[in-house]
Protein chains: 2
Amino acid sequence: MTPLKHIAESTVRRLSAYLRFLEDFEAQGHQTISSGELAAQGGTTSAQVRKDLSFFGSFGKRGLGYSVHALATSLRTILGLGREWRVIIVGAGKIGAALAQYRGFRERGFTVVGVYDVDATRLGRALDGNVVRDQTELEDDIHRLKPEMALLAVPAEAAQPLVDRLAKAGIRAILNFAPTPLVAPANVTVRSVNMALELEILSYALVNEKE
Amino acid sequence: MTPLKHIAESTVRRLSAYLRFLEDFEAQGHQTISSGELAAQGGTTSAQVRKDLSFFGSFGKRGLGYSVHALATSLRTILGLGREWRVIIVGAGKIGAALAQYRGFRERGFTVVGVYDVDATRLGRALDGNVVRDQTELEDDIHRLKPEMALLAVPAEAAQPLVDRLAKAGIRAILNFAPTPLVAPANVTVRSVNMALELEILSYALVNEKE
DNA sequence: AAGTGTGAATGCGTTCACAGCA
DNA sequence: TGCTGTGAACGCATTCACACTT
């Protein structure tokens, strides 16, 4: 079940999508599913589904398809979702606060264990189960609560120094919402979500394509 | 300046990144820049920068580099950012409200001209310049205000019907935050931002890669 | 000398096509 | 027969290498 080689991000994305659909499908009482049915969902092809899975092993039965339950379990193991992940949120502005209260994270096994800010006027504010704490507590709290991931929702200028601090304190995965490129040590994975950039890609599409 | 063929999304993403940096660089008073300097910023290569630009024309001077100002202007034209885009936000929950107040959009030329929800308790709430309106007003408002884009920040079940309504009302670009796959007519571009999925990719990275 | 612009080579993800098993 | 699993073919994005320009 462990891949021999590096797996493309596009493959990991699709595996997540398959898992989501398998969970729905299982809730509907289905026992078995074919690569074609799985593909139709996410707008891909049956060959793509089989290839994606083949990197990790053989999960199906020829002529029959896949056990919905067993495949979902395997995908959870592959993706590391058989457990709870603890995340902290750095930055309690509009975006940070919205993320702290986002239901979708808990539903997928991500628990927010701390929210931090520099701004004194934001400290103490309750966001679901968390109270906004001062960012000076970051290092102590990371050692105490041992979160695995951090969400960065701070202004662009503040992002890089925080990445350095988080990396030093032992965080190994960061999801960045600040619109700026970041560098991190090799053992820290940083992903960025840039919402204005997504709109710019839509802008390009409106101006250039599909006419 | 118009591309002969289809341009890869990865190229468009990088063009946006180049433009951001060029604007900073220009603000610092620089007149000229080389592909290598531009590349160092976004963590790419000088060859990549030159190739990306080459799809749209020749913007540099051999032996010299690019005029910062002229290249920024060209990129804005290519990306369709020489203008203001009007966007509406559908869904005024935590995420929708945060998006409605996000500074980064206005800074990049995206103006929120309307915010909508179904929930009566949210109607009338002021979010920066906008008041949350009832979703039944959507069609009338689209015809009146002529927004080009919509941000969808509603629960997964509500997303697809809204895509259908928005498409029918004339919206041709949608940025979706609901964690569900969507289908739309060919003349409507839909992009999705799925925050739980981003965390799942980080989960995969922690469990599998970089050890 | 410095740095662009671009055809050619490479590498990689997707699609194809079919052998193999239930 | 039906559908999986996978090597081979394909197509596309990235990288290379160098001719060309200032």
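Just so we're on the same page: letters track the sequence lines, and every chain starts at 1.
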Point to revise | Range on DNA chain C touched by chain A - first to last nucleotide, heavy-atom distance under 4.0 Å | key: dG13(C) to dA22(C)
Check your understanding: How does each nucleotide of nucleotides 16-22 of chain D score, in 5' to 3' order, for protein heavy atoms under 4.0 Å: base (B), sugar-phosphate only (S), or none (-)?
Key -> BB-BBBB
With heavy-atom distances below 4.5 Å as the criterion, would you say the side chains of [X] and [Y] are in contact?
X       : Y       : answer
Y18(A)  : D52(A)  : yes
F56(B)  : S74(B)  : no
F177(B) : M195(A) : yes
F105(A) : L199(B) : yes

Review point. Does a salt bridge link E139(A) with R144(A), judged by any charged N lying under 4.0 Å from a carboxylate O?
Key: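 Looking at R144(A) together with E139(A), the answer is no, because their closest N to O distance does not fall below 4.0 Å.
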Review point. R14(A) or S46(B): which one's nearest nucleotide on DNA chain C is closer to the 5' end?
Key: S46(B)
**Study point:** Spacing between E9(B) atom CD and dT14(D) atom P, to the nearest angstrom
**Key:**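 To the nearest whole Å, that distance equals 11 Å.
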Review point. Going by the salt bridge (Lys or Arg N to Asp or Glu O under 4.0 Å) test, which pairs reach into residues 26-43 of chain A, not counting sequence neighbours?
Key: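 Passing the test, one end in residues 26-43 of chain A: no pairs.
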**Study point:** Within residues 71-95 of chain B or reaching into it, pairs that qualify as salt bridge (Lys or Arg N to Asp or Glu O under 4.0 Å) - sequence neighbours excluded
**Key:**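 Sorted pair list: E23(B)-R76(B), R83(B)-E148(B), R86(B)-E148(B).
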Point to revise | Which atom of S46(B) lies closest to which atom of S35(B), heavy atoms considered | key: CB-OG, 3.4 Å
Point to revise | Net bend of the helix from dA1(C)-dT22(D) to dA22(C)-dT1(D), end axes of five pairs each, nearest 10 degrees | key: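 Helix axis angle between the two ends: 0°.
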Point to revise | Residues within residues 25-41 of chain B bordering DNA chain C, heavy-atom distance below 4.0 Å | key: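 Here the set is S34(B), S35(B).
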Review point. After noting the C-alpha distance and the side-chain angles of E9(B) and R14(B), does the key distance pass the salt bridge (charged side-chain N to carboxylate O under 4.0 Å, His left out) rule?
Key: CA-CA 9 Å; E9(B) 182 187 312; R14(B) 285 190 300 267; over 6 Å; no
Review point. Which of these passes side-chain contact (heavy atoms from CB on, under 4.5 Å) with L202(B): V190(A), T189(A), I174(A)?
Key: T189(A)
Review point. If you measure only the distance, is there a donor-acceptor pair under 3.5 Å linking the side chains of Q160(B) and D164(B)?
Key: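 Note: Q160(B) and D164(B) side chains meet the donor-acceptor criterion.
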Point to revise | N/O (side chain, Q48(B)) to phosphate O (OP1/OP2, dT15(D)) under 4.0 Å | key: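 Yes, Q48(B) has a side-chain N/O under 4.0 Å of OP1/OP2 on dT15(D).
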